[in-house]
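Below is one structure; the comments refer to it alone.
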Amino acid sequence: MTDELSRNERIKEASDYLRGTLAEGLREEITGAIVEDDQQLVKFHGMYLQDDRDLRSERTRKKMEKAFSFMIRVRMPGGVINAAQWLALDHVSRTYGNDTMRLTTRQTVQLHGIIKSNLKVTLKEIDSILLDSIAACGDVNRNVMCGANPDESATHAEALELARKISAHLTPKTPAYREIWLDGEKIAGGEETVVEPIYGKTYLPRKFKIVVAVPPSNDVDIFAHDLGYIAIRDEAGAIIGWNITVGGGMGMTHGEPETYPRTADVMGFCLPKDAVAIAEAVVTVQRDWGNRSNRKHARLKYTIEDRGLDAFRTEVMRRSGVLLQPAKPFTFTSTGDRYGWSQGTEGRGHLTLFVENGRIHDVKGSAKQSAMRQIAKLHDGEIRITANQNLMVANVPTDQQAEVERIAREAGLLAPWSGLRRNAMACVALPTCGLALAESERYLPDLVTSLDKSLSAHGLSADDIVIRMTGCPNGCARPYVAEIGLVGKGPGRYNLYLGAAYDGSRLSKLYAEDVEDAGIVSALDPIFAAYAAERQKGERFGDFTIRAGFVAKTGNGADFHKDTGAKRAK
Ligand code: SRM
Ligand code: SF4
């Protein structure tokens with residue numbers, strides 16, 4: 001491995017705190033794109049340059065430029081917004097976007113299809129509702145997630161407060177966003193320490209992700225993230241501190257075993273007053289220790305594998321001045337959402353809705369976007385986005401509950417009967433994702449319909465089984481911590497992974513490679529049959545596939561690629 005800095009490092013260094021030539025590029029009318037270096041920088045402002053891949057070959061044939069547009073990802077700590085903010089995002093998506101809103105696996109909204117000339121007006125509207133897209137992408141701390149569990153209102157409020165504090169503390173301080181997108185006045189550059197006291201000029205070696213979880217729900221999939229906080233409560237239910245997890249991540253590359261998903265380690269316990277200091281120390285250690293020459297080895301998970309957890313913990317304690325205590329016991333039970341109504345305080349209720357793969361739009365027979373608009377006009381409380389690409393209408397007064405439920409039911413937003421569909425997630429993939437090797441969001445719903453026939457034949461239709469699909473191995477729907485993981489290998493072909501834990505604490509293992517889409521049901525049907533016939537009381541599907549010998553148990557990290565260990569014939 002060479003120590004030469006990666007190209008992205010040079011782009012960041014030369015960017016004058018993320019300005020690059022973005023302002024000039026926006027004025028360039030001859031193309032719908034921006035220059036390559038700015039394509040990297042614009043991510044730090046929460047945007048990606050994309051093109052419609054369905055139109056690529058036709059446009060190439062006609063010698064036309066690709067159908068370029070931008071995706072904007074809003075920053076929304078804990079996924080919580082109010083109804084007025086929802087309505088504004090809905091308006092923006094229909095006025096400047098492609099008439100859809102996409103709820104993401106990290107509790108926010110993506111707007112797709114915004115052409116270059118509409119970027120500023122869109123971001124100004126977003127700014128007017130006190131939201132922004134700063135650091136929603138790029139080599140910085142991203143949207144901080146927080147468990148959405150509706151049954152734990154008081155604890156949720158505390159967890160959300162921590163998520164918001166960490167988000168505010170780690171948001172880049174460069175004025176570039178305001179200058180470029182909101183026509184703010186140019187503020188003269190200063191010394192590095194003044195402009196970005198935490199990140200410095202070259203920010204982090206790679207993206208960085210933080211979550212806050214409230215057991216027993218692991219709805220945020222804490223073990224898939226760089227840094228996590230697990231709420232530890234006393235007998236009365238009050239939070240007495242946080243267990244800290246570090247070094248989780250999903251991304252890998254097919255055929256490159258030195259890249260792998262990894263579940264986070266529990267590093268210790270801290271008191272509430274020290275939680276933000278720990279976040280800053282973890283981030284700065286990664287800033288200084290992370291690999292800046294090889295972007296495929298730059299995430300915190302590799303820093304921890306290379307340096308060891310003990311050395312990392314010692315350095316975090318040294319920098320923060322916090323003495324981490326041994327981790328306290330905790331139990332997670334599931335990663336899914338708790339659908340339907342749950343009771344909040346003061347007679348208010350929370351309704352968790354099912355949004356298939358997070359896509360909010362109006363199509364024939366299902367007007368989800370219009371329905372959500374109606375709900376947001378009726379309801380003056382919160383709307384929460386969950387880490388499972390779902391929505392919660394929170395704090396609904398008793399007299400509005402029946403009407404909210406009626407609107408949701410008519411739009412198909414109530415949870416379905418199928419245990420598989422209730423626990424399914426797919427990443428965006430085609431046509432907007434430039435890295436997709438196979439379909440995901442547009443294919444998983446049909447696959448679930450086919451798998452449901454098989455499950456139903458074995459009497460398993462209502463069983464909660466977690467299935468996740470991604471169009472490439474980057475893992476945006478966290479497929480390696482799903483009981484059934486399908487990862488795109490090429491058009492119509494997927495790798496099938498089995499054996500992850502239902503509570504999100506264990507990675508899966510490769511069961512079958514390069515399965516054609518038509519073969520997925522026949523690969524899984526005999527395993528469903530065996531599960532129905534042989535499972536022990538309460539045994540989860542992921543645990544069963546290991547005990548029954550379909551795959552070996554994955555320990556951690558590099559172990560992921562080791563022998564599948566299958567003892568049972570396919
Ligand atoms: Fe992701 C890149 C979509 C969550 C790992 N991800 C992308 C890009 C931006 C493609 C690109 O770089 O050009 C995708 C845009 C598709 C599109 O058209 O919208 C994309 N990622 C998504 C979303 C929208 C998937 C979804 O269906 O919800 C999620 C947005 C989250 C958010 O709101 O911030 C999303 N991405 C994730 C997650 C899950 C998570 O964070 O909990 C992961 C795995 C966890 C992790 O980071 O390890 C993830 N995305 C990646 C990676 C691989 C990173 C790595 O370490 O190797 C890439 C590619 C990269 O960074 O080079 C990527
Ligand atoms: Fe795109 Fe791959 Fe992420 Fe899916 S997993 S959205 S295909 S980068």
Side-chain angles (χ1 to χ4, degrees), residues 8 39-40 42-43 46-53 69-77 79 98 100 102-113 133 135-145 205-211 219-226 228 247-254 256 259-264 294-302 335 355 357-359 385-390 425-444 468-481 485-489 504:
N8 287 56
Q39 288 175 29
Q40 297 305 319
V42 81
K43 295 180 188 178
M47 284 161 264
Y48 278 78
L49 175 68
Q50 304 187 314
D51 73 288
D52 186 333
R53 293 182 58 183
S69 65
F70 288 76
M71 171 267 274
I72 298 182
R73 193 181 278 167
V74 183
R75 185 168 63 96
M76 201 181 276
N98 65 354
T100 79
R102 179 56 156 74
L103 313 182
T104 75
T105 53
R106 304 204 77 251
Q107 286 186 304
T108 186
V109 174
Q110 281 188 182
L111 305 166
H112 288 97
S133 62
C137 325
D139 297 345
V140 274
N141 173 52
R142 309 280 188 96
N143 197 40
V144 181
M145 299 215 282
R206 204 64 165 86
K207 54 175 65 166
F208 194 90
K209 300 180 173 179
I210 303 180
V211 301
D219 57 349
V220 290
D221 255 324
I222 193 162
F223 300 104
H225 295 271
D226 297 275
M250 294 282 99
M252 63 161 207
T253 307
H254 288 310
E256 295 184 18
T259 66
Y260 46 82
R262 185 179 192 278
T263 44
N294 176 5
R295 288 183 66 79
K296 287 195 178 178
H297 198 78
R299 294 291 294 272
L300 178 63
K301 62 182 175 182
Y302 299 116
T335 55
V355 182
N357 302 326
R359 186 66 69 177
I385 294 151
T386 78
N388 289 295
Q389 303 169 323
N390 289 315
M425 271 210 297
C427 73
V428 179
L430 294 164
T432 51
C433 178
L435 306 178
L437 305 171
E439 293 283 356
S440 183
E441 181 188 321
R442 296 195 294 197
Y443 172 48
L444 187 63
R468 295 177 183 169
M469 172 178 273
T470 56
C472 86
N474 282 321
C476 298
R478 303 186 287 269
Y480 313 112
V481 281
L486 288 151
V487 175
K489 193 78 193 298

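Please read all numbers here as calculations on a predicted model, not as lab measurements. Counting starts at 1 for both ligands and their atoms, following the listed order.
- In this pair, Y260 and Y302 present their aromatic rings perpendicular. The plane angle is above 60°, beyond the 30 to 60° band.
- Not one N or O on the side chain of Q50 forms a donor-acceptor pair closer than 3.5 Å with the backbone of S69.
- Salt bridge present: D221 and R468 bring a charged side-chain N and a carboxylate O closer than 4.0 Å.
- For the residue pair T100/N98, the side-chain donor-acceptor check at 3.5 Å is satisfied.
- Rounding to the nearest 0.5 Å gives a distance of 9.0 Å between OG1 of T432 and CZ of R53.
- Within ligand 2, the atoms closer than 4.0 Å to a non-hydrogen atom of G475 are 5 (S), numbered from 1 in the order shown.
- Side chains of R73 and T108: a donor-acceptor N/O pair is absent below 3.5 angstrom, by distance only.
- For R142, there are no side-chain hydrogen bond (donor to acceptor under 3.5 Å, both in side chains) partners, not counting sequence neighbours.
- Within 4.0 Å of ligand 1, protein heavy atoms belong to Y48, Q50, M71, R73, R102, T104, T105, R106, T108, Q110, H112, R206, K207, K209, H225, G249, M250, G251, R299, Q389, A426, C427, V428, T432, C433, L435, N474, G475, C476, R478, listed by chain and number.
- In this structure, OG1 on T104 lies 11.0 Å from CG on N388, to the nearest 0.5 angstrom.
- Screening H112, E441, Q110 for a side chain to side chain donor-acceptor pair (under 3.5 Å) involving R102 leaves a single residue, E441.
- Below the 2.8 Å limit, atom 4 (Fe) of ligand 2 has as protein N, O or S neighbours C427 SG.
- Partners of R106 by salt bridge (Lys or Arg N to Asp or Glu O under 4.0 Å), not counting sequence neighbours: none found.
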